[in-house]
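From a predicted model like this one, the values you see are computed outputs, not experimental measurements. In the text below, chain A, chain B and the rest are named by the order of the sequence lines, each starting its count at 1.
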Amino acid sequence: MSADAPSLSPNAYRDTWSGQVLGDRVGDRVRLSGWVHRRRDHGGLIFIDLRDRTGIVQLVFNPDESGGSHELGHRLRSEYVISVTGKVVNREPETVNPDLPTGEFEVHVSEAGVLAESDTPPFGIEDYQGEAGEETRLKHRYLDLRREPMREAIELRHRLTTAMRSFLDGEGFLEIETPILTRSTPEGARDFLVPSRLQRGSFYALPQSPQLFKQLLMVSGFERYFQIARCFRDEDLRADRQPDFTQLDIEMSFVDGEDVIALNERLIGHLLAGMGIEIDTPFPRMAYDEAVGRFGSDKPDTRYGYEITDLTECLRGTEFKAFGGVIESGGAVRGINFGQRDLSRAQLDGLIDDAKELGAKGLVWAFREGDGWRAPIAKFLSADELAALNAAMEAEEGDLMLVAADAPAKVASILGGLRTRLAERWDLIPEGVNSLTWIVDWPLFEWVEEEERWNALHHPFTAPAGDLDPENPGDTRAQAYDLVWNGVELGGGSIRINRPEVQSAVFQVLGISAEESAERFGFLLEALHYGAPPHGGIAYGVDRFAALLAGVDSIRDVIAFPKTASGGDPLTGAPAPVDEIQLREAGINLRKPPKPGTS
RNA sequence: GGGGGCGUAGCUCAGUUGGUUAGAGCGCUGGCCUGUCACGCCAGAGGCCGCGGGUUCGAGUCCCGUCGCUCCCGCCA
């Protein structure tokens with residue numbers, strides 16, 4: 001059942017919520033309005049389950065006492081909108097429905113009217129019928145949202161954002177809106193573009209985040225800002241990614257990273273407490289390098305073990321070329337001991353396919369057998385090597401080990417991906433455990449091999465920790481922190497650069513020329529020349545947060561009107577072609593005509 | 001852009017090695033029913049087997065293409 005019923009001012013439609021037809025109302029004459037959830041028509045007696053936002057109550061149409069209303073009861077169908085007046089009575093003990101909060105009571109109807117009829121819905125609103133296909137649900141989302149699990153998810157999301165607002169308000173943060181129509185600034189993702197009619201040939205971009213605006217607000221002296229902000233990124237979708245999504249965006253002035261982390265631990269503690277989850281503070285912290293090394297991920301799921309072991313030194317100089325060659329060229333060999341696993345040969349070979357999907361060239365599986373291995377490649381390794389491997393991975397008799405070799409970063413991501421995949425498949429994740437971890441000590445830059453240039457790992461406005469060494473950008477750490485909850489990146493932030501000369505130095509490393517940076521975000525650089533306070537903040541993925549709390553796999557289940565994997569909305573038909581007139585006004589010629597007949 | 005899964009009645013699904021008239025449950029429509037609550041009983045309607053092409057005497061089933069949904073990789077600072 002949902003949260004407490006909202007307050008109610010009696011009016012012509014209702015003086016009582018369906019879910020509030022309880023003991024204290026017995027004997028009262030009540031007015032109720034809502035939807036026909038279900039009808040049980042006995043010819044004489046007719047039972048109607050009346051549903052509104054607060055719950056369900058049973059209405060009784062009795063020919064002996066309902067008079068003319070009884071005939072109307074016959075005509076009612078699922079999802080008709082009705083308004084009734086009747087008397088609240090206790091049910092006979094043998095007719096109580098223990099599954100319903102209002103199950104000890106019912107309303108004997110004296111007057112009833114249909115406010116709106118309904119076509120037969122394409123799928124059942126009742127839970128027992130199971131879920132319709134997602135496309136059907138989205139096409140009739142307004143009906144899907146009537147279903148209790150959806151209503152609860154949306155209500156949960158509301159409670160979450162309300163708690164965010166009240167906490168931050170209590171901490172002196174101001175909620176400030178920033179533009180949706182803004183300027184394309186090169187952040188990570190592809191921009192959504194909006195043509196300007198008044199300035200033909202120019203485009204707005206939808207914000208990928210309010211990053212630059214919140215920094216400007218710090219320069220403006222607001223000191224503490226937040227926004228539950230819609231963000232837009234034109235990239236492919238996933239279960240946890242929508243092209244428009246919501247961030248809780250926070251920024252504060254005259255703070256260092258510890259201040260931001262402390263505030264956010266209180267925020268998260270407050271939010272989770274409101275959801276009935278107690279969590280210890282401070283949250284543990286893990287360095288980026290450690291996370292990648294032990295878990296193969298910058299968002300490690302620390303609820304379970306099966307950590308990665310580096311085996312490179314065990315195998316240095318090995319005769320086995322698949323490993324030896326990789327090591328000689330600077331690569332790494334690493335493995336995970338998955339313990340006792342009873343798998344068929346086909347299942348073991350299937351693991352190789354998993355690894356290949358994750359980008360591996362191959363995968364070695366092996367079971368410890370005596371001092372050696374039972375494995376297809378066992379014969380290529382010496383007894384000493386096998387013993388060293390068993391020791392390194394602390395393998396016991398019969399343990400399954402999975403080993404991969406590649407460039408260090410690659411092998412980390414392969415094994416990290418395998419670890420999370422298999423944890424789910426083999427049910428290795430403990431129930432009811434919540435693990436919140438700060439990932440800290442991030443590199444400021446990463447080297448992009450294909451493009452032979454440095455890239456900002458977070459974003460180019462992240463402050464370096466200490467001095468920036470332009471000769472060795474890879475050694476510079478960032479004042480950045482990500483919050484990871486059960487292997488999901490819940491949020492991330494940093495202390496920002498507040499001095500223009502530092503910002504220029506970062507741009508230089510990134511290969512952004514003075515002209516280019518002036519052209520693209522000169523407005524920020526200029527603002528930094530007018531006394532920007534030290535500042536930093538964080539942004540959380542509100543959709544992911546709500547999905548985790550609701551216990552659903554897809555953020556679509558906590559978004560009222562989400563989009564499908566191809567970015568469409570089956571309800572509205574968006575995106576859709578537009579009139580030639582609209583295109584002309586926007587000053588746009590399509591390079592190719594739209595595909596005919598889709599939509 | 002690439003890989004996997006799915007597409008049959010309004011909904012959820014079954015459909016054998018290619019073989020008569022494509023099934024079930026729920027829902028829907030009509031009838032009966034005064035204590036049901038996933039009401040019950042009786043009767044009935046409802047199908048472009050996603051779409052297009054091919055193979056075949058014959059295709060829901062096999063092949064090719066295509067569209068849609070979904071999961072993943074790439075992408076997402």
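- B/rC49 and B/rA9 have their P atoms separated by 9 Å, given to the nearest Å.
- The nearest whole Å value for the distance from the CZ atom in A/Arg190 to the C1' atom in B/rG74 is 11 Å.
- Base pairing analysis places B/rG65 opposite B/rC51; the two distances defining the Watson-Crick or G-U wobble pair are each below 3.5 Å.
- The side chain of A/Arg40 contributes no N or O atom lying less than 4.0 Å from OP1 or OP2 of B/rU36.
- A/Arg137 comes within 4.0 angstrom of nothing in the nucleic acid, heavy atoms only.
- At a threshold of 4.0 angstrom between heavy atoms, the contacts of A/Val96 include nucleobase atoms, whether or not backbone atoms are also involved.
- The separation between A/His74 atom NE2 and B/rC33 atom C1' is 10 Å, rounded to whole Å.
- Remark: B/rG46 base-pairs with no nucleotide; criterion is Watson-Crick or G-U wobble with both hydrogen-bond distances under 3.5 Å.
- In terms of heavy-atom proximity, A/Asp441 sits nearest to A/Tyr288 at O-CB, 3.6 Å.
- The nearest heavy atom of RNA chain B to A/Leu45 and to A/Gly133 marks one nucleotide each, and the one closer to the 5' end goes with A/Gly133.
- If you check every strand for non-hydrogen atoms under 4.0 Å, A/Arg238 touches a base.
- Side-chain rings of A/Phe461 and A/Phe521 approach one another, their centers coming within less than 6.0 Å.
- Rounded to a whole angstrom, the distance from the P atom of B/rG23 to that of B/rG46 is 13 Å.
- Closest approach to the A/Asn62 side chain among B/rU70, B/rU34, B/rC72 is made by B/rU34 (side chain taken as heavy atoms from C-beta onward).
- Listed nucleotides: B/rG35, B/rU70, B/rC69. Nearest to the side chain of A/Ser566: B/rC69.
- Shown here, B/rC41 forms a base pair with B/rG31; the pair counts as Watson-Crick or G-U wobble because both key distances fall under 3.5 Å.
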Let me see the working for A/Arg147 and A/Asp144 under salt bridge (Lys or Arg N to Asp or Glu O under 4.0 Å), right down to the final yes or no.
CA-CA 6 Å; A/Arg147 294 171 46 248; A/Asp144 189 42; 2.5 Å; yes
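- Across all strands, A/Ile46 comes closer than 4.0 Å to no nucleic acid atom at all (heavy-atom distances).
- Ranking B/rC72, B/rC76, B/rA38 by closeness to the A/Asn97 side chain, first place goes to B/rA38.
- Residue A/Leu143 contributes atom CG, which lies 13 Å from atom P of B/rC11 at whole-angstrom precision.
- Nucleic acid contact for A/Pro570: none, since no nucleic acid atom lies under 4.0 Å from a heavy atom of the residue.
- Residues A/Leu510 and A/Ala456 approach most closely at CD2-N, 3.4 Å, considering heavy atoms.
- Nearest nucleotide to the A/His108 side chain, out of B/rG35, B/rC75, B/rU34: B/rG35.
- Between A/Arg38 and B/rG27, a side-chain N or O to OP1/OP2 separation shorter than 4.0 Å is present.
- Residue-nucleotide stacking is present for A/His42 and B/rC39, judged by a side-chain ring centre under 5.5 Å from the six-membered base ring centre and planes under 30° apart.
- Donor-acceptor pairing under 3.5 Å, judged by distance alone, is absent between the side chain of A/Glu135 and the base of B/rU70.
- When the P atom of B/rC76 is taken as reference, atom CG of A/Asn455 falls 8 Å away, rounded to whole Å.
- In this structure, of B/rC33, B/rU36, B/rG30, it is B/rU36 that holds the atom nearest to the side chain of A/Glu106.
- Figure legend. B/rU21 is base-paired to no nucleotide; pairs are counted as Watson-Crick or G-U wobble with both atom distances under 3.5 Å.
- Here the side chain of A/Thr95 pairs no donor or acceptor atom with the backbone of A/Arg91 at under 3.5 angstrom.
- Nucleic acid contact for A/Arg91: base, since at least one base atom lies under 4.0 Å from a heavy atom of the residue.
- Within the 6.0 Å centre-distance limit, the rings of A/Phe338 and A/Trp426 are counted as a close aromatic pair.
- A/Phe47 qualifies as a stacking partner of the B/rU36 base, centre to centre under 5.5 Å and near-parallel within 30°.
- Not one side-chain nitrogen or oxygen of A/Thr564 sits closer than 4.0 Å to the OP1 or OP2 atom of B/rG68.
- The side chain of A/Thr95 has B/rC37 as its nearest neighbour among B/rC37, B/rU34, B/rC11.
- Heavy atoms of A/Asp234 sit nowhere under 4.0 angstrom from any nucleic acid atom.
- Nearest nucleotide to the side chain of A/Gln58, out of B/rU70, B/rG35, B/rC33: B/rG35.
- The separation of B/rU66 from B/rG3, taken at their P atoms, amounts to 11 Å, rounded to a whole angstrom.
- The interatomic distance linking A/His70 (NE2) with B/rC33 (C1') rounds to 11 Å, in whole Å.
- The interatomic distance linking A/Asp354 (CG) with B/rC71 (P) rounds to 18 Å, in whole Å.
- Dashed line: the shortest gap from a side-chain N or O of A/Arg241 to OP1 or OP2 of B/rC71 is not under 4.0 Å.
- For the C1' atoms, the distance from B/rA38 to B/rG25 is 12 Å, rounded to whole Å.
- A gap of 50 Å separates the P atoms of B/rU34 and B/rG19, to the nearest Å.
- Within 4.0 Å (heavy atoms only), A/Ser78 reaches sugar-phosphate atoms of the nucleic acid but no base atom.
- Between A/Asp249 and A/Tyr225 the shortest side-chain heavy-atom distance falls below 4.5 Å.
- For A/Arg233 against B/rC75, no side-chain N or O and base N or O form a donor-acceptor pair under 3.5 Å.
- Rounded to a whole Å, the CG atom of A/Asp49 is 13 Å from the C1' atom of B/rG35.
- The residue among A/Glu94 and A/Leu358 whose nearest nucleotide of RNA chain B lies closer to the 5′ end is A/Glu94.
- Checked by atom type and distance alone, the side chain of A/Gln503 pairs as donor or acceptor with a backbone atom of A/Pro460 at under 3.5 Å.
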